[in-house]
2 protein chains.
Amino acid sequence: MYTYEYPRPAVTVDLVIFTIRDGRLQILLIRRGEAPFKGRWALPGGFVREDEDLEAAALRELDEETGVRDVYLEQLFTFGEPQRDPRGRVITVSYFALIASDRQVLRAQTDAAEVQWFPADEPPALAFDHRKILDYALERLRNKLEYTTVGFQLLPRKFTLTELQQVYETILGRELDKRNFRRKVELLGILEETDEKKMEGVHRPARLYRFKARQFEKLKDKGILFPF
Amino acid sequence: MYTYEYPRPAVTVDLVIFTIRDGRLQILLIRRGEAPFKGRWALPGGFVREDEDLEAAALRELDEETGVRDVYLEQLFTFGEPQRDPRGRVITVSYFALIASDRQVLRAQTDAAEVQWFPADEPPALAFDHRKILDYALERLRNKLEYTTVGFQLLPRKFTLTELQQVYETILGRELDKRNFRRKVELLGILEETDEKKMEGVHRPARLYRFKARQFEKLKDKGILFPF
DNA sequence: ACAAAAGTGTTGAGAGTACACCCATGC
DNA sequence: GCATGGGTGTACTCTCAACACTTTTGT
């Protein structure tokens with residue numbers, strides 16, 4: 001058995017957990033109960049355990065805060081500036097997660113005053129360098145939206161085309177043409193019609209669709225295929 | 001001052017250093033002199049120092065192995081499987097670097113038998129999980145080539161259009177149409193003609209061009225702009 | 001004069017964008 | 001019957017892809 005004689009930083013994972021709520025892109029934040037940054041909002045996260053894979057640590061934190069599993073999770077970036085944590089050297093591996101809009105139930109035990117959703121584009125002041133992490137996550141999400149199907153991870157299993165379009169409009173921050181959007185989605189061949197209709201609204205019911213691909217899909221054959 | 005009571009993994013950086021040599025995409029590898037994997041080839045890398053930023057550590061390793069600075073460097077992914085290093089818990093932050101083809105001089109002190117370039121698509125057996133890191137770097141490089149100007153980082157400051165095209169063909173692994181390629185590059189407006197010509201060849205000399213943008217540039221306004 | 005790489009335009013097909021009206025339902 | 005969101009087609013423009021010959025130089 002060999003050992004190392006090198007300084008060992010602490011390693012954490014931090015999560016940017018996105019969902020769509022009230023027609024806005026929102027993120028989950030936790031209010032810190034301890035110094036430093038006591039009382040400030042921060043990204044959920046925590047230390048990586050001794051024999052725990054990084055992604056496993058991220059999934060564990062996600063489960064602890066939201067009770068949700070089986071969500072889209074992607075490693076984002078690793079931040080390691082020596083001064084990013086006033087307590088000492090802490091390197092953090094950041095992840096972003098997408099929660100479907102019908103699964104955003106928080107843990108029963110969580111105190112609503114301490115765990116809350118905030119609009120991603122108007123977050124409160126954040127602890128540490130979490131604002132930088134958030135900004136990076138937003139940029140990545142917007143980019144990926146254009147050439148992958150990540151967007152579908154934010155919707156329930158069955159959804160209307162208008163709901164899908166709203167996800168894209170919300171994240172991209174601009175309006176899309178309804179007819180062009182629908183033609184494009186159909187052309188991609190990634191949706192399945194169901195026989196059901198959404199009867200909630202007061203007006204004409206919309207047909208519900210289901211996403212065909214299992215989890216996630218790159219959308220390029222030659223060049224890009226999702227430039228709405 | 002606060003301290004943590006958590007296990008601390010060792011943290012390293014590993015580099016996938018690309019260049020174009022003999023018309024092929026190649027990577028720099030180092031032969032390990034110690035167990036584990038003694039005698040195997042491995043990616044250059046090393047431990048992150050106590051008060052050293054991650055990117056600074058990557059730049060330091062790069063300088064130590066190649067004597068090169070001011071190159072394109074990008075964080076790739078952080079690998080942290082508990083069993084990836086038999087000596088204990090080691091988390092590695094991987095980077096990829098692009099070295100211009102006229103700057104691939106190795107450190108004078110390096111022993112040629114211990115530091116060598118290898119074709120990126122036919123590497124020797126690698127230590128640890130370095131093959132996985134290499135594969136990931138290759139995938140990322142190919143993707144970025146299509147919507148950014150990273151490819152220019154592999155060329156000298158002045159280059160011919162044919163050389164530029166060969167970089168793209170080499171990395172993408174397919175042939176491109178000369179006329180379409182040139183029209184596209186011209187349309188992007190990122191090159192500057194020089195008055196010089198490359199007189200090396202035996203035949204008609206080619207005009208030399210210079211890359212306008214300082215370092216690196218995203219190439220999308222609406223959708224992708226670089227789908228050669 | 002010849003070998004070799006440099007350089008240069010046109011055409012057809014497909015995708016993106018802009019744009020306006022009828023339909024189905026609840027009240 | 002009316003208010004509201006659901007649903008549908010066409011025309012123009014622009015970019016992509018395929019394709020072959022002339023030019024310039026060294027030997």
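Only this structure's heavy atoms are used, side chains among them; waters, hydrogens and symmetry mates stay out. The chains referred to below are lettered A, B, ... by the order of the sequence lines, with proteins before strands, and numbering in each begins at 1.
- Distance from the side chain of A/Pro205 is smallest for C/dT25 among the nucleotides C/dG7, C/dT25, D/dG26.
- If you take NZ of A/Lys198 and P of D/dG6, they are 10 Å apart, rounded to a whole angstrom.
- Checking C/dG7, D/dG5, D/dG7 against the side-chain heavy atoms of A/His203 singles out D/dG5 as nearest.
- Taking the six-membered ring where the residue is Trp, B/Phe152 and B/Phe211 present parallel rings, their angle staying beneath 30° rather than reaching 60°.
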Find every protein N or O atom lying less than 3.5 Å from an N or O atom of nucleotides 20-22 of chain C, and list the pairs.
unit_1 : atom_1 : unit_2   : atom_2 : d
C/dA20 : N1     : A/Arg179 : NH1    : 3.2

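- Across all strands shown, A/Thr160 has no heavy atoms under 4.0 Å from either base or sugar-phosphate atoms.
- Atom NZ of B/Lys197 is separated from atom P of C/dA6 by 12 Å (rounded to the nearest Å).
- Here D/dG26 is the nucleotide among C/dG7, D/dA18, D/dG26 with the atom lying nearest to any side-chain atom of B/Met199.
- Rounded to a whole Å, the CD atom of A/Glu186 is 12 Å from the P atom of D/dG7.
- At distances below 3.5 Å, at least one donor-acceptor pair connects side-chain atoms of B/Ser94 with backbone N or O atoms of B/Phe77.
- Atom P of nucleotide D/dG7 and atom CG of A/Leu161 are separated by 6 Å, given to the nearest angstrom.
- One end of the helix from C/dA1-D/dT27 to C/dC27-D/dG1 points its axis 0° away from the other end's axis, with each axis taken from 5 pairs and the angle rounded to 10°.
- Contact of A/Arg183 with D/dT10 (side chain to base): a donor-acceptor pair of N or O atoms is detected under 3.5 Å.
- Taking atom CG of A/Leu176 as the reference point, atom P of C/dC19 lies 15 Å away to the nearest angstrom.
- Atom pair A/Leu164:CG and D/dG7:P shows a separation of 13 Å (rounding to whole Å applied).
- Considering A/Leu28, A/Val150, A/Leu98 in turn, A/Leu98 is the only one that fulfils the side chain to side chain contact (heavy atoms under 4.5 Å, CB included) rule with A/Phe18.
- We find that CG of B/Asn180 is positioned 15 Å from C1' of C/dG14, with the value rounded to whole Å.
- In this structure B/Asp63 satisfies the side chain to side chain donor-acceptor pair (under 3.5 Å) test together with B/Arg69, B/Arg107, sequence neighbours excluded.
- Residues satisfying the side chain to side chain donor-acceptor pair (under 3.5 Å) test with B/Glu196, not counting sequence neighbours, are B/Lys158.
- Counting only distance, with no hydrogens or angles, the side chain of A/Arg207 and the backbone of A/Thr194 share a donor-acceptor pair below 3.5 Å.
- Every side chain to side chain contact (heavy atoms under 4.5 Å, CB included) that B/Thr12 has, sequence neighbours left out, goes to B/Asp14, B/Phe47, B/Val90, B/Thr92.
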For a quick test of your reading: what N or O donor-acceptor pairs under 3.5 Å do the side chains of residues 159-167 of chain A make, sequence neighbours left out?
unit_1   : atom_1 : unit_2   : atom_2 : d
A/Thr160 : OG1    : A/Glu163 : N      : 3.1
A/Thr162 : OG1    : A/Arg182 : NH2    : 3.2
A/Glu163 : OE1    : A/Thr160 : N      : 2.9
A/Glu163 : OE2    : A/Lys198 : NZ     : 2.4
A/Gln165 : NE2    : A/Glu169 : OE2    : 3.1
A/Gln165 : NE2    : A/Leu176 : O      : 2.9

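- With respect to the salt-bridge test (charged N to carboxylate O, under 4.0 angstrom), the residues A/Arg210 and A/Glu192 qualify.
- Atom pair B/Lys184:NZ and D/dT15:C1' shows a separation of 8 Å (rounding to whole Å applied).
- In terms of position along DNA chain D, the nucleotide closest to B/Asp177 lies nearer the 5' end than the nucleotide closest to the other residue of the pair B/Asp177 and B/Val202.
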